[in-house]
Each structure stands twice: as C-alpha cells, then as structure tokens.
Chemist: 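Just dropping this structure here.
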Protein chains: 2
Amino acid sequence: MTRLTEAEERAWSGMLNVTAALRKRMGAIVYEAAGLSETDYTVLVPIVYAGDTPLRSSELAEAINWDRSRLSHHLGRMETRGLIRRTQHSEDNRGAVLHITDSGLAALRQASGPHLRSIKSLFADALSATQIEALTEIVEDLERHLATH
Amino acid sequence: MTRLTEAEERAWSGMLNVTAALRKRMGAIVYEAAGLSETDYTVLVPIVYAGDTPLRSSELAEAINWDRSRLSHHLGRMETRGLIRRTQHSEDNRGAVLHITDSGLAALRQASGPHLRSIKSLFADALSATQIEALTEIVEDLERHLATH
DNA sequence: TCGATGTTATTGACGCGTCAATCACACTAA
DNA sequence: TTAGTGTGATTGACGCGTCAATAACATCGA
C-alpha cells in the first residue's frame, strides 16, 4: 500500500471541513425558522411519512441509522418539548409507537421550506450538474468500499 | 431559484452520511491505537508543529477553526489526562502558552500511523486520482460559495 | 409450563460542544 | 493616572451522543 498523498489528504480534510461548515449554517437557518435542529428534522420526517402505519422506535432508529439509545434520549427530549408522543404497541407490549403532535407537525412544516432551500442555495447552487453527478458517484464508491472493509 | 432536485438531495445526504460513517470508523481505529480521539489529534498536531515558538490558545483555536470556549474545555480535559500543559505567556499575562507532554507526544506518535493509514485505506483507496481531483474542486467551490453567502 | 435466549426500549454516567457570562489583563485617550 | 474599551481565556449550564447496564416482554424448545 502506498502512502497517503498530499492531494488525498487535502481532499479528505476539505470534505470534513466543508460538510461541517455546511451543517452548521443550515442548522442555524432551520433552527431560526422553526426551532428545530437538523436532528429533530431527521427524526420527524419518517414519523410523518409513516402516517397511520405504526412506526416503532427501533424501526426508526434503523431507518435513520441511529443508535437505539441515542434515539431514545432524543425522543425523550422531543417529547418534553411537545413535538412527539409515544404510545404502546398494540401487539408487542415491549414496543413504543411514535406519533407526531400537532405542534410537531406545525414546526416541521415551518422547517421544511428553509431546510430544502438552504440545501439548494448553500450546496446545490455552488455545483454544476456534472459535479453533482461526480459527487454522487464518489459517495457511492465510498459507501461500497466502506461496506466491504 | 429552481427547486432542489432528487439528484441534488441524494448527493447532499450521501455526503453527510458517508463522512459521518468514515469519521466514526477512523476515530475508532485511532482511539484503539493510541487512546486519542480525532479531536485530540487535531489539537495536538499544531502544538507539536509549533515546536519552540510559543503557541497561544487563541491562535490554535483559529488555526483549527474552533470556538475558543470549546478549545478551552477540551484543553482542560487533555490536561487532566496528562497530554498537554498550559503555562503563562511571558509578555502577555492574559495569555496561555501550550505545550505537549512526553506522554502526549508518545500518544501522538502512536496515533499518526493508524490515522494516516486509515485515511488511505478507507477513503483514498476507494477513489481514483480523477475522483480525488474532482472532489477537491467540489470542496473548493463549496468553500468559496459559502464564503460569499 | 417453564426456562433459556433474544429483542425492545430505557436509563445513568460521562465526555463533548455551544452559548452566555465572567474575569483578568492590555491598550488608548483624556 | 485613570476611565473606558478591547482582547485572551475560562467557567457554568445545558443539550447532545456513546457506552454499558438493566428492565420488560417475546419466543421457542424441552
């Protein structure tokens, strides 16, 4: 295995820095608009998407690739803030079923516009269609590589 | 302004996910090898690099793009763990000058091999030279874009 | 039916990161 | 010299994320 080159190192650290900076900027925008953090948003979207079909917290955890414990903590805080509710699963008594509250839904609606617009204006608008495509491929290659190592 | 496309959304969320996954994997490798987190590493490298020229904590904070308060907290923990020391600046009595300890240096030496190798094997080896170049350009475009918005 | 094993979800402890407040010192202008 | 302003650094409070432990329930085989 050859050594890491300067160019490779720059690409990696650049990717780290720029994603962090983007997250921060976008997070601030969404928080200002709706009082939701990006993680709140991540959690709420699948709950709404599930609609009437009961969504268990372990399913959600897997869907968004979170640790169960992390999700449990975060749901606790979100419940305190009145964004979601947890009820018992009708068939599996261990289970918790997740619901969004009215105010959670209102906040999510407030958030979604700014959320999407910030991705557009801060990220997508900076890149050409070719770059978007190249980046997608890079990401997929990295994911595949990671999965097999 | 047009709306965010599917492709753009996928590129963005993919980038987020894959950088997070890579950080996690690399972090675990370095931690196992030397008991240092990636943030410890980030902090120690410039201290060593400064060598004998006194490095103030505000300078370090700026160099690594950290909040002063965050750095202060982290330095406190690192000092407790015996990785660094803080002494008074000889001319500016407000100042703190940073030093790495022997065991900090030893840990850093332990960490650097695995650190670089993990970037190579988990990131760089997955991509072609062309992709590295494309990614670098993407990152730079994003940074420029971010700087002017 | 009972016991072993697996699964769901939560909890506590602890390190981390952010924000606002604070303290100590330097610098400048009257 | 001193009052006012600016800067370096730390602190406390608090929400977040990880890890290990635990509680509650399901499931399956004897």
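Residue numbers start from 1 in every chain, and the chains themselves are labelled A, B, ... in the order their sequence lines are given, proteins ahead of strands.
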Chemist: Is A:N93 close enough to D:dA26 that one of its side-chain N or O atoms is under 4.0 Å from OP1 or OP2 there?
Modeler: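 So the side-chain polar atoms of A:N93 do come within 4.0 Å of the phosphate oxygens OP1 or OP2 of D:dA26, strictly under.
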Chemist: Would a 4.5 Å heavy-atom cut-off, applied to side chains only, mark A:L71 and A:L60 as touching?
Modeler: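 When only atoms from C-beta onward are counted, A:L60 and A:L71 do touch, with a gap below 4.5 Å.
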Chemist: Answer yes or no: is there a donor N or O on one side and an acceptor on the other, between the side chain of A:E79 and the main chain of A:R86, under 3.5 Å?
Modeler: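 Answer holds: yes.
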Chemist: Write down the atom of B:L16, the atom of B:T19, and the distance for their closest heavy-atom approach.
Modeler: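 Where B:L16 meets B:T19 most closely, the heavy atoms are O-OG1, 3.0 Å.
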Chemist: CD of A:E38 versus P of C:dT18: gap in Å, rounded?
Modeler: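 It is 15 Å, rounded to the nearest whole Å.
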Chemist: A:Y31 OH to D:dC16 C1': how many Å, rounded?
Modeler: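 Result: 13 Å.
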Chemist: Would you call the rings of B:W66 and B:H74 parallel, tilted or perpendicular, taking 30° and 60° as the class edges?
Modeler: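 Rings of B:W66 and B:H74: perpendicular, as their planes differ by over 60°.
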Chemist: Expressed in angstrom and rounded to an integer, what is the separation of A:E59 atom CD from C:dT8 atom P?
Modeler: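 Going from CD in A:E59 over to P in C:dT8 covers 9 Å.
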Chemist: Rounded to the nearest Å, what distance is computed from the CG atom of residue B:L55 to the C1' atom of nucleotide D:dG8?
Modeler: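 Rounded to whole Å, this separation is 13 Å.
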Chemist: Mind checking whether B:Y31 and B:V43 sit in one hydrophobic cluster, side chains of I, L, V, M, F, W, Y counted as touching below 4.5 Å?
Modeler: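 No; tracing contacts between hydrophobic side chains, which count when under 4.5 Å, never links both residues.
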Chemist: Atom CZ of B:R56 and atom C1' of C:dA26: how far apart are they, to the nearest Å?
Modeler: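 Atom-to-atom, B:R56 to C:dA26, this comes out as 10 Å.
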Chemist: For A:L75 and A:S72, what are the C-alpha separation, side-chain angles and deciding distance, and is it a side-chain contact (heavy atoms from CB on, under 4.5 Å)?
Modeler: CA-CA 5 Å; A:L75 289 174; A:S72 189; 5.8 Å; no
Chemist: Determine the minimum heavy-atom distance between A:R56 and A:H89, stating which atoms define it.
Modeler: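 Smallest heavy-atom distance, with atoms named: CD-CD2, 3.8 Å.
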Chemist: If you round to the nearest 0.5 Å, how far is CD of B:E38 from NZ of B:K24?
Modeler: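 The CD atom of B:E38 is 14.0 Å from NZ of B:K24, to the nearest 0.5 Å.
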Chemist: Expected output is a numbered-order residue list: members of residues 63-90 of chain B with a heavy atom under 4.0 Å from any atom of DNA chain D. What is it?
Modeler: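 Going residue by residue through residues 63-90 of chain B, the ones with a heavy atom under 4.0 Å of DNA chain D turn out to be B:R68, B:S69, B:S72, B:H73, B:R86.
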Chemist: Can you tell me the distance, in whole Å, between the NZ atom of A:K24 and the C1' atom of C:dC19?
Modeler: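 Nearest whole value for this atom pair: 11 Å.
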Chemist: Whole angstrom is fine here: how far is it from CD in A:E62 over to P in C:dT7?
Modeler: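 These atoms are roughly 12 Å apart.
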Chemist: For nucleotides 3-5 of chain D, list the nitrogen or oxygen atoms of the protein found under 3.5 Å from its nitrogen or oxygen atoms, one pair per line.
Modeler:
none

Chemist: Just wondering, more than 12 heavy atoms not from B:R144 lying within 6.0 Å of its CZ?
Modeler: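 Enclosed: over 12 neighbouring heavy atoms sit under 6.0 Å from CZ of B:R144.
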Chemist: Could you tell me how far apart B:R94 (CZ) and D:dG8 (P) are, to the nearest whole angstrom?
Modeler: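 Interatomic distance, CZ of B:R94 to P of D:dG8: 6 Å.
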